[in-house]
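Lettering follows sequence order; numbering is per chain, from 1. Basis for what follows: all heavy atoms, side chains included, without hydrogens, waters or symmetry-related copies.
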2 protein chains.
Amino acid sequence: MSAPHRLTRNQALVLETLTTAEEPLSAYVILDRLKDEGFRAPLQVYRALDKLLEAGLIHRLDSLKAFVACSTPHEHDAADRVAFAICQKCARVWEFSDPAIEGRFAAWAADTDFEIASATIEISGLCAACRKAGEGAA
Amino acid sequence: MSAPHRLTRNQALVLETLTTAEEPLSAYVILDRLKDEGFRAPLQVYRALDKLLEAGLIHRLDSLKAFVACSTPHEHDAADRVAFAICQKCARVWEFSDPAIEGRFAAWAADTDFEIASATIEISGLCAACRKAGEGAA
DNA sequence: CAAATGATGTAACGATATAACATTGGAGTC
DNA sequence: GACTCCAATGTTATATCGTTACATCATTTG
């Protein structure tokens, strides 16, 4: 699609904050972390987030009301058809996609005569590391 | 599971409001509609919503920040493994589940050694009626 | 340079959700 | 019936998430 779209300073700072973080961050946490860079108001963060979302460089996790850097900067040609798994304990996020799942959704949509525009697919649970860590403390 | 849990007055009012509505309602809209019944504060709504969610009688749609009555009052033995399709235009909601989709998630989880607790699956798009209605106005 | 466009800064506000605490209202017991 | 316990309720205040409105600045492009 369009050229990789050069990022502005604010956008680059927000993206770097998300990329550096181990977990999804809320807009206000991002704001807080960028106070030293001159960020003062939520809008500075939200505007950058909007552009980064458009560019497919980050995702918003509805179930957490938080944002995460995209692990595989795919061009979002069609809609967002990516699934996320989120560890309830460490908050780390796994991003994956599965043509078979898309196929099932498409089949349901065809049956129901529904036109899919986008999808929110977020699984919550425990990752291997956290399950292992918790075994003794049961 | 446990007995159908008799609803309190507040819970019944909130559930009826959702059941009567054609679309998902935000907590504050529910509050507004129940002003005449004596509702004054958000917490009265949120507490009822919490119980109704526990009982599996309603769902929260993360992508809309809104609540909808469950169309098929299934006992939520395991976690929520239901998918929703939401029309962007009329806001009506279709609720469905697909063992094949669950199977694919389970397969991914097994591969990744992730233990699934719950899932948020929400598709956004246009329903048949709204697509038909919009055809002329293109 | 001037006009057009897009990014920025700032303040105020709207929408969503929860904390804290006092009170009330049964259900079960004595 | 009086007592106790616990869940539900009412109320106020506050936390969290996101947007509107408007003035300013920078960049490009004719």
Encode nucleotides 9-17 of chain D as B, S and - characters from 5' to 3', where the letter depends on protein heavy atoms closer than 4.0 Å: B to the base, S only to sugar-phosphate, - to neither. BBBB----B
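- When the side-chain contact (heavy atoms from CB on, under 4.5 Å) test is applied to B:E16, the partners found at least two apart in sequence or on another chain are B:T20.
- In this structure, CG of B:L49 is placed 13 Å from C1' of C:dT18, rounded to the nearest angstrom.
- Residue A:L31 contributes atom CG, which lies 15 Å from atom P of D:dT19 at whole-angstrom precision.
- Side-chain contact between B:I101 and A:F105 is present, with at least one heavy-atom pair separated by less than 4.5 Å.
- Across the protein-nucleic acid pair, B:L25 atom CG and C:dA17 atom C1' stand 17 Å apart, rounded to whole Å.
- When the options B:T8, B:L25, B:L49, B:L31 are evaluated for a side-chain contact (heavy atoms from CB on, under 4.5 Å) with B:V14, the one that passes is B:L49.
- Counting to the nearest Å, the P atom of C:dA15 and the CD1 atom of B:I30 are 16 Å from each other.
- In this structure the side chain of B:W94 never reaches within 4.5 angstrom of the side chain of B:I123, judged on heavy atoms.
- In this structure, A:E102 has no side-chain hydrogen bond (donor to acceptor under 3.5 Å, both in side chains) partners at least two apart in sequence or on a different chain.
- Put simply, CZ on B:R6 is 17 Å from P on C:dG25, counting in whole angstrom units.
- Rounded to whole angstrom, the span from the CG atom of A:L13 across to the C1' atom of C:dA7 amounts to 14 Å.
- One can place CD of B:E37 at 17 Å from C1' of D:dA8, the figure rounded to the nearest angstrom.
- For the side-chain contact (heavy atoms from CB on, under 4.5 Å) with B:V68, the lone residue among B:I58, B:L61, B:I86, B:L18 that qualifies is B:L61.
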